[in-house]
Amino acid sequence: MKLIDNLKLAVKRFKNKVTKKNPKAVFFYPHENCRLDGYDILNGESDNVLCLFNDMVRDERFNDYQFYVLYYQDERLQSYKDYCKDFHPERIRFVRFRDHKGTRLAISRCYTVFTDSDYTRIQYRAPNQRIICLNYFGGLIKNEFHRWDNHGGYEKMLKEQEEMHRLYDYHLSISDISSKFIALDNCHFYSNFLSLGFPRNDILFKDHSDLRQQIEELVGFKFKHLITYVPTHRDYENSVREFFDASKATTRSIWGHVTPEELESLEKTLAETETLIIAKVHPIQDAQTSVISKEASKHVLFYKDLAKSIKTSLNPLLCISDSIITDYTTTVYDFLYLDRPIIYYFYDIEQYRATRGFFIEPIESVCAGHMTYDMSGLQNAIREISGGKDPEKQKRQFLRQLFIKDIDANATQRIKDFFFPSNK
């Protein structure tokens with residue numbers, strides 16, 4: 001079976017290699033999580049590939065280019081075509097996810113391919129085209145080494161590095177130091193990194209005040225403080241993950257295993273501080289586990305419920321948030337652009353350390369915000385922030401300058417200038 005698969009792959013590589021590449025053809029491959037979060041070209045301000053596409057399709061300098069866009073929601077195809085009617089639609093082709101033959105044929109015509117994640121493995125890529133990973137992360141909290149420790153160790157890491165060097169010509173990041181950490185943690189060659197920034201973070205510099213007004217209308221009351229809560233997934237709770245532990249994967253709140261009294265106390269704190277929390281559960285946790293319960297709360301709005309009424313995504317929400325509550329997610333490095341207070345909520349830090357782990361220990365050394373480990377600490381942090389206190393501002397600003405090379409809204413322009421210099 002393996003021999004047959006290798007022969008099929010060799011044929012695909014050969015066909016791709018001999019297919020003439022159009023130097024002005026670009027393939028856009030958004031992150032697979034888009035199908036879980038509902039992101040697409042109509043609502044793609046939190047996906048780097050979709051942000052880049054939406055910019056380039058409006059840029060008259062690319063009117064003579066051919067664009068291919070992978071899409072995940074079949075029922076929205078006509079709306080995508082309608083959306084593109086004003087942007088020379090004859091040059092835009094939509095490629096259905098899981099249409100493997102159609103995807104391969106489209107990619108084989110393109111000189112340039114943009115992906116949002118290095119999990120996208122175009123095994124049949126040809127040497128006469130360039131594959132660019134825009135990346136969806138920029139931090140150094142999660143530890144990826146567990147993948148290699150449990151699946152072949154150092155030799156496996158070297159093979160992965162060689163494979164990634166073959167599959168990708170470039171990886172983007174937000175700074176040189178971030179590039180070095182990501183390269184080491186994910187088995188990439190540091191020399192393949194460019195610190196051009198992420199298109200999705202250009203969104204943080206736009207005016208989204210209308211979104212805040214829409215949210216107030218949706219919840220039916222005005223709030224002084226808006227906090228976005230972005231917890232990541234837990235491997236020990238996910239049955240398809242290697243560190244799954246059924247004894248720990250019991251139904252819990254988004255805040256962990258807390259009591260009804262603690263939830264009631266949190267609700268009281270939010271009411272007193274006139275705070276609304278929007279909780280965006282990680283799409284993997286949301287889709288692949290049945291662990292998280294959903295408690296009724298006037299002052300905690302789940303992102304899924306928000307998205308049913310208002311077209312938005314994570315980065316516009318970050319833009320209008322006065323603060324975020326985070327745990328081990330790299331979203332915190334997006335929020336650093338805004339230089340606003342951060343709350344870390346590490347309610348299961350020892351369980352997470354024992355499974356996924358951290359790239360840097362002690363983790364607190366790269367956390368610039370309130371450190372909380374239980375509901376009492378979380379509420380105290382919310383009270384302090386609502387009262388105007390920002391005790392970790394100096395450390396946050398130091399890490400902000402350390403990890404972000406260009407704090408501006410020009411990442412997309414830098415990417416276009418680098419990869420398409422003749423179109424400046």
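Predicted, not measured: the structure shown is a model, and the values here were computed from it.
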Before giving the answer on side chain to side chain contact (heavy atoms under 4.5 Å, CB included), spell out for H257 and T250 the whole-Å C-alpha distance, their side-chain angles and the decisive distance to 0.1 Å.
CA-CA 9 Å; H257 294 284; T250 55; 3.1 Å; yes
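Contact check on R121 versus E160 returns a salt bridge, with a Lys/Arg side-chain nitrogen under 4.0 Å from an Asp/Glu carboxylate oxygen. Salt-bridge check for D74 with R98: failed, with every basic side-chain N at 4.0 Å or more from each acidic carboxylate O. A salt bridge links R396 with D339; the closest basic N to acidic carboxylate O contact falls under 4.0 Å. Salt-bridge formation is not detected for the pair E162/K159: no Lys NZ or Arg NE/NH1/NH2 atom is positioned less than 4.0 Å from an Asp or Glu carboxylate oxygen. Residues K85 and D82 are paired through a salt bridge, judged by an N-O separation under 4.0 Å between the basic side chain and the carboxylate. With respect to the salt-bridge test (charged N to carboxylate O, under 4.0 angstrom), the residues D99 and R96 do not qualify.
Within the 4.5 Å cutoff, side-chain heavy atoms of I324 are placed close to those of L318. Two residues are said to be in side-chain contact when any heavy atoms from C-beta on lie closer than 4.5 Å; I349 and F358 meet this criterion. Residues I174 and Y337 form a side-chain contact, since some pair of their non-hydrogen atoms from C-beta on lies under 4.5 Å apart.
Both the sub-6.0 Å distance and the 45° axial angle are not jointly satisfied by R58 relative to the ring of F67.
Under the 3.5 Å distance criterion, the side-chain polar atoms of S175 are left unmatched by any main-chain donor or acceptor of K405. Judged purely by atom type and a 3.5 angstrom limit, N315 has no side-chain atom pairing as donor or acceptor with the backbone of L204. Not one N or O on the side chain of R383 forms a donor-acceptor pair closer than 3.5 Å with the backbone of T269. A donor-acceptor pair under 3.5 Å links the side-chain atoms of Y344 to the main chain of A368, judged by distance alone.
When only modelled atom types and interatomic distance are considered, S117 and E32 share no side-chain donor-acceptor pair under 3.5 Å. A donor and an acceptor atom, one from each side chain of Y168 and N192, are nowhere located under 3.5 Å apart.
Partner of F346 under the side-chain contact (heavy atoms from CB on, under 4.5 Å) criterion, chosen from I363, D374, T326: I363. When D55, D116, D334 are each tested for a salt bridge (Lys or Arg N to Asp or Glu O under 4.0 Å) with R200, only one passes: D334.
No more than 12 heavy atoms of other residues, nucleotides or ligands shown are found within 6.0 angstrom of CD on Q394. Summarising the local packing, CZ of F398 is surrounded by 12 or fewer heavy atoms from other residues, nucleotides or ligands at distances under 6.0 Å.
Every residue two or more places apart in sequence or in another chain was checked for a side-chain hydrogen bond (donor to acceptor under 3.5 Å, both in side chains) with K268, and none qualifies. Every residue two or more places apart in sequence or in another chain was checked for a salt bridge (charged side-chain N to carboxylate O under 4.0 Å, His left out) with K81, and none qualifies.
A centroid separation of less than 6.0 Å is found between the aromatic rings of F221 and H299.
Relative orientation of the W255 and Y229 rings is parallel, given thresholds of 30° and 60° on the angle between their planes. Using a 30° and 60° split on the angle between ring planes, F62 and Y65 fall in the perpendicular class, above 60°.
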